Protein chains: 2
Amino acid sequence: MRLESKESWLRLGRPWTWGLDVSTLYDCARLAGVSTATVSRVLHGHDRVSATTRARVLEVIQQLGYVPDGAAQSLSRRRKQVIGLVSVDRASDPIALESSSLLFADEVLHGVEATLRAKDWSLLISFCGEGDPRAFERLYSMSGKVDGLIVSEGIVGSEQLVRLAAKVPVVVVAGSRHGASTDVVTADNYAGSTALTRHLVELHGIRSFHYVDGPSSAPNALERRSAFENVIAKHKEVELVSTSRGTFSVESGRRAVEAMLKEQPPRMPEAIVCANDHMAIGAIQALAGHALAVPEDVAVVGFDDIYPGSLLDPPLTTVRQPTRSLGERACARLLERVNDPALPSVIEVLPTELLVRVSCGCGEGTRGARGPARMSAQHRRTVSGSRRSGSSKPRRTAGS
Amino acid sequence: MRLESKESWLRLGRPWTWGLDVSTLYDCARLAGVSTATVSRVLHGHDRVSATTRARVLEVIQQLGYVPDGAAQSLSRRRKQVIGLVSVDRASDPIALESSSLLFADEVLHGVEATLRAKDWSLLISFCGEGDPRAFERLYSMSGKVDGLIVSEGIVGSEQLVRLAAKVPVVVVAGSRHGASTDVVTADNYAGSTALTRHLVELHGIRSFHYVDGPSSAPNALERRSAFENVIAKHKEVELVSTSRGTFSVESGRRAVEAMLKEQPPRMPEAIVCANDHMAIGAIQALAGHALAVPEDVAVVGFDDIYPGSLLDPPLTTVRQPTRSLGERACARLLERVNDPALPSVIEVLPTELLVRVSCGCGEGTRGARGPARMSAQHRRTVSGSRRSGSSKPRRTAGS
DNA sequence: GACAACTGTCTAAGCGCTTACATCTACTGT
DNA sequence: ACAGTAGATGTAAGCGCTTAGACAGTTGTC
């Protein structure tokens, strides 16, 4: 039976390659007149091969255009060198497109990819609609194809996350802790929201607020709101006029403010704080529909620093999350854990940064003429300390 | 030696799983008291297994939480069920972020993923900086990890694409044909640009243009420009005042228009046509800096329909590419080719769609008051026929 | 009762690598 | 001259799965 095997070493045409020119390690070995072990050693360098042999083998590899089969390597090495990333999909529908935190997930993705690329690992991607009932199933079967998994908060429940983490190392991005088995990398929503609220209260002297909350299931929304409320509570003279809840979408922000405007008796706040930028965009649209100017009649702020924020009129004051770093750190942490699954789990909080633009009432002078000039990205001004400091500790930024 | 092998079937603890609870097909077989073949058949259904056995095996699988190893399956099936997607990276730097066609690539990605997900295949992602010298190397080694590759135009040269296609099926997205071996899926830039230009000439009666071209290496830019020029050439009374070349970035658009404004003698066109939206944004910024209103003083149009386009002031008239469909079609085509590499290569052109907003001079009435009201996405108006018609044939849209 | 035709299950080869171990040379020191 | 050592290379097991082919048991046919 070994004889047959040996014969197979000498075969070249593999019928299933269907005209594609694919060669194996055996082909290289045969052509170079060495054993497969030697070819493998040449390929990986980490073993002594004589210079002559190495040269000969390299030449054959070059000539055949040999590329090692990833599946075979994974199987043999007992390591796939692949990380899976599962995040929320956006639908193809343009409305839903705006509504989801689309740019956020894509930025995280780029961060992860860059980290992996540097280590020569690969990235396997999958998206799930929010609340997709088959999400867990998909994640679970994905665990057989990767060495570790990066999962966005909100894809699957806590209990399922724990089950998953028993099979494969898991890092949760932008979420909260789930049991002792998963790592978490998230942004300092609390500090960001605190800085933003203090900016409004202490610098602009705003005394009455409307708050547009995010979905109750989102830990992010929770933290942002609780920070907001804590600042309000510290200032006796400041009042939270009313609150509404949105879904993080532009449309829901618009509706929230429409509803607020229709309230009887009408109670106009001095500022509207939205749990994310999309809703802030919706809020501004709604206000514009009622001929209310931002920030003259009412200030509006968001959270996230999505791409179009600086192009808006007025440019949106918001809090920047280190989105790409979130991906980078999550990935780095995951790789550590893959190397030692026994590592104690940690929760890593990256600093956020207050971006003061115009919609809060700041701006050059008393706010210049309206118009396209507003579209410049130059309005961005960094308020918190140095950006992207190496430290990953929460940085409580002073409010102004 | 076979005896050793048999013994190994009975082993359960695999030292290298390091505390992660991973079980193999053999574990299942042993616990269920059947052979691995039977477990495999139960898993895949496509073979007759008695109801009793099936139930017993399923229970064991459930109990162990067994997930098949992807690498082993790939190796054994001689098919990885993985597609690779390589597109252009954006840097982390926010300036560069704006400059690249970031949203475009991400949209394509989502289209590809959705198609793959439906078939239970996986998606391997990699990004390359534009002009990355190691791009080919990375693509080449990726070919050992996937069954097919989707590559953005501009990542590697034509000759390298051909070499790649000899190893693994390749589909090029948003590009032009490269030899007989790769498929191409692209958008109908020519028709889109024609419709846009005709809209300006025939509806708005514009008689003088400035054109901001894209990089000369981009086939997209070429097509857009040639369509533009052909329309101009058909109208004797219309003049192309001047032309400049940008890099598709916001900044380059701004610079192009700054340069145009500084020209001596000053020659102000009635409209500025930009080869993409980013440059159009830059153009509008530059004009605003010189107190020139869009579209009152000069009309500006772009191409691509990037996300912020509808949020701008004024909302940007542009041409929509079916970005997500581009990904979907590329993927579908690739899967066909994976199943039959001998298929003749095709070039598939998806229809584009003129989106008339405000920056061309359209808009409700004679353009309402400036201000946040402009941010509404409602300004979008579809001019060409029904959107997303099933047909993939170029659709030459009438200019108005 | 012999034989064919199923049916359900098992055996074991093989997918293309990596790598522990065995082997073979060529030196070195005594 | 010979054991000892180190360097270069070969051998073959094994990674976890799929599946062709073997095999035993059951039914149906004449």
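Each chain gets a letter, A, B and so on, in the order its sequence line appears, and its residues count up from 1. What you are looking at is a predicted structure, and each value in this text was computed from that prediction instead of being measured.
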Bending between helix ends of the helix from dG1(C)-dC30(D) to dT30(C)-dA1(D) [5 pairs per end, 10° resolution] = 50°

With sequence neighbours excluded, what pairs up with Arg138(A) under the side-chain hydrogen bond (donor to acceptor under 3.5 Å, both in side chains) test?
-> Ser126(A)

Heavy-atom side-chain contact between Val49(B) and Val57(B) under 4.5 Å = no

Would you check if Thr24(B) and Asp27(B) make a side-chain contact, meaning some heavy-atom pair closer than 4.5 Å?
-> yes

Taken to the nearest whole Å, CZ/Arg54(B) to P/dT7(C) is 15 Å

Rounding to a whole Å, what distance do you find between Lys80(B):NZ and dC15(C):P?
-> 14 Å

Sequence-distant partners of Glu336(B), side-chain hydrogen bond (donor to acceptor under 3.5 Å, both in side chains), two or more places apart | Arg333(B)

Rounded interatomic separation in angstrom, taking CG from Leu75(B) and P from dT18(C) = 12 Å

Applying side-chain hydrogen bond (donor to acceptor under 3.5 Å, both in side chains) to Ser345(A) and not counting sequence neighbours gives Arg177(A)

With Ser76(B) via side-chain hydrogen bond (donor to acceptor under 3.5 Å, both in side chains) - residues at least two apart = none

With sequence neighbours left out, write down each residue that passes side-chain contact (heavy atoms from CB on, under 4.5 Å) with Val67(A), or none if nothing qualifies.
-> Tyr140(B), Ser143(B), Lys167(B)

Whole angstrom is fine here: how far is it from CZ in Arg30(B) over to C1' in dC10(C)?
-> 17 Å

So which protein nitrogen or oxygen atoms get under 3.5 Å of nucleotides 17-24 of chain D's nitrogens or oxygens?
unit_1, atom_1, unit_2, atom_2, d
dC17(D), OP1, Tyr66(B), OH, 2.5
dC17(D), OP1, Asp69(B), N, 3.1
dC17(D), OP2, Leu25(B), N, 2.4
dC17(D), O5', Tyr66(B), OH, 3.4
dC17(D), O2, Ser76(B), OG, 3.1
dC17(D), N4, Tyr26(B), OH, 2.7
dT18(D), OP1, His44(B), NE2, 2.6
dT18(D), OP1, Gln73(B), NE2, 3.0
dT18(D), OP1, Arg77(B), NH2, 3.4
dT18(D), OP2, Ser40(B), OG, 2.6
dT18(D), O4', Ser76(B), OG, 2.5

Please determine, for the side chain of Arg48(B), which listed nucleotide (dC10(C), dG8(C), dG16(C)) has the closest atom?
-> dG8(C)

Please list all pairs passing the side chain to side chain donor-acceptor pair (under 3.5 Å) test where one or both residues lie in residues 146-161 of chain A, with sequence neighbours left out.
-> Glu153(A)-His178(A), Ser158(A)-His178(A)

Using heavy atoms to find the nearest nucleotide of DNA chain C for Val49(B) and Arg78(B) separately, return the residue whose nucleotide is more 5′.
-> Val49(B)

Scan residues 56-74 of chain B for pairs that pass side chain to side chain donor-acceptor pair (under 3.5 Å), counting only residues two or more places apart or in two chains.
-> Lys80(A)-Asp69(B)

Looking for any heavy atom pair under 4.0 Å, which part of the strands does Thr53(A) touch: base, sugar-phosphate only, or nothing?
-> sugar-phosphate

May I ask you to say what Gly33(A) touches in the nucleic acid, namely base, sugar-phosphate or nothing, with a heavy-atom cut-off under 4.0 Å?
-> sugar-phosphate

